[in-house]
Amino acid sequence: MSNSHLVESSGLDPAANDALIEAVNHQITVGTLDPSEPLLRRLVEGLGDPRGLMRLRFAETLGEIGEVATPVLVAALADHPNVVVRRAAAKTLTLIADPTAVPALLQAFLHDEDTVVRSSSAGALARTGEAAVPALLTILADPDQPEDIKGHAAWALAFIGSEASDYLYRALDDASLDVRCAVIGALGHVAQEQPEAQACQLLVAALSDPEPLIRTEAAAALGQVHYPAAVPPLLAAIHDPALDVRKAAISSASLRSRSPRPRCRRARRGNRTASGCSSARTGYPCCRRWAGCRHCR
């Protein structure tokens, strides 16, 4: 079945969009879809449909088509005049999680004028995983980046979690306080996902860091993991000279005295979502330094 007459229709025409999405999904089901560039561009235009549920259907269809749709989505994210399409393009790239989209997502994250586009691009970077980690660390180390951008970057790093373990371990000695703070927060998530001695030991060691902010973050993170060896250092941290460290240590020690919390259970990578809030899943922000960021409020 040819889609040529539907491809030529307007992306804002509800009737044409209904017909197009039905035709494309039927072709996907029977295995006859030819994802030509004109068709993909028309599907991207459907992301501007005035109906939210229909925009979702277009996003899910493009997500099912997969990485072949990445170039047209990236182009729309970069310069489509309709902000609704740019927002939906970023969210659709979250579904596809194609590493080749990382440069375009970074550009949108850092420079798009719309806050939803920026936060959705951060979500797509988080969902992309390891390929986004070096750029996220670079953003955190940049003293010229605003706090809200760094907060989103720290959240994305925490969401990626164990996939970024090697980068996190290497970045613990970074000269940037912002990088180190985000890394400690992310290690807390790593220790929840798959409790491993190295992550927990590094969090305990961070309780002796010369920087109070790092000690605070480590104390808070240790309250969320099942690691009995952390109890004595946490009790010692109750006498830390810094008030915030003492408060975090008291809170974590109190949590440890109760029944252990169930660890964060990540679903299979294909079912993970980057649209939820990190703190909603774990009970604490990705890093207290950016506790006011959108993902951690």
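One is the number of the first residue; the rest follow in order along the sequence. The structure displayed is predicted, hence computed values, not measured ones.
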*asked:* Before you tell me yes or no, could you show the steps for Arg87 and Asn82 under side chain to side chain donor-acceptor pair (under 3.5 Å), namely the whole-Å CA-CA distance, both residues' side-chain angles and the distance that decides it to 0.1 Å?
replied: CA-CA 9 Å; Arg87 292 171 178 175; Asn82 185 345; over 6 Å; no

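- Residues Asp112 and Arg118 are not paired through a salt bridge, judged by the lack of any N-O separation under 4.0 Å between the basic side chain and the carboxylate.
- By the 4.5 Å heavy-atom criterion applied to side chains, Ser121 and Leu77 are counted as neighbours.
- Using modelled atom types, one side-chain atom of Lys150 and one backbone atom of Asp142 make a donor-acceptor pair closer than 3.5 Å.
- Within a 6.0 Å sphere centred on CG of Leu243, other residues, nucleotides and ligands contribute more than 12 heavy atoms.
- Side-chain contact between Asp18 and Arg51 is present, with at least one heavy-atom pair separated by less than 4.5 Å.
- The main-chain N or O of Pro134 is found under 3.5 Å from a side-chain atom of Thr138 such that the two form a donor-acceptor pair.
- In this structure, Ile250 is not a member of the same hydrophobic cluster as Val245, with clusters built from ILVMFWY side-chain heavy atoms closer than 4.5 Å.
- Taking the ring axis of Phe58 as reference, the NZ or CZ atom of Arg55 does not stay both within 45° of it and closer than 6.0 Å to the ring centre.
- Here the side chains of Val74 and Leu105 are not in contact, with every heavy-atom distance at 4.5 Å or above.
- Look at Arg215 and Glu211 and you find no salt bridge, because none of the NZ, NE, NH1 or NH2 atoms lies under 4.0 Å from a carboxylate O.
- Partner Arg180 forms a salt bridge (charged side-chain N to carboxylate O under 4.0 Å, His left out) with one of Asp209, Asp174, Asp173 and no other, that one being Asp209.
- Judged by distance alone, with hydrogens and angles left aside, the side-chain atoms of Thr70 form a donor-acceptor pair with the main-chain N or O of Glu67 at under 3.5 Å.
- Between Ile96 and Gly63, the shortest heavy-atom contact is CG1-CA, 3.9 Å.
- Looking at Arg86 and Asp79, no side-chain N of the basic residue comes within less than 4.0 Å of a carboxylate O on the acidic one, giving no salt bridge.
- A continuous path of hydrophobic side-chain contacts links Tyr169 to Leu207 [ILVMFWY only; heavy atoms under 4.5 Å].
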_Candidate pair Arg57 and Glu22, rule salt bridge (Lys or Arg N to Asp or Glu O under 4.0 Å), full reasoning_ = CA-CA 10 Å; Arg57 288 195 67 188; Glu22 292 300 331; 3.0 Å; yes

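- Using a 4.5 Å heavy-atom cutoff, the side chains of Asp98 and Leu93 are not in contact.
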*Show your reasoning for whether side chain to side chain donor-acceptor pair (under 3.5 Å) applies to Glu45 and His80.*
CA-CA 9 Å; Glu45 289 301 317; His80 200 285; 2.9 Å; yes

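- Judged purely by atom type and a 3.5 angstrom limit, Asn25 uses its side chain to pair as donor or acceptor with the backbone of Ile21.
- Proximity of a side-chain donor or acceptor of Thr32 to a complementary backbone N or O of Ile28 within less than 3.5 Å is not detected.
- Contact of the Tyr167 side chain with the Ile160 side chain is not registered, since no non-hydrogen atoms from C-beta on lie closer than 4.5 Å.
- Under the 4.5 Å side-chain heavy-atom criterion for grouping Ile, Leu, Val, Met, Phe, Trp and Tyr, Val204 is connected to Val183 within one hydrophobic cluster.
- One hydrophobic cluster, built from ILVMFWY side chains closer than 4.5 Å, cannot hold both Val117 and Leu56; they sit in different ones.
- A donor-acceptor pair is defined here as one N or O able to donate and one able to accept, closer than 3.5 Å; such a pair exists between the side chain of Ser165 and the backbone of Ser162.
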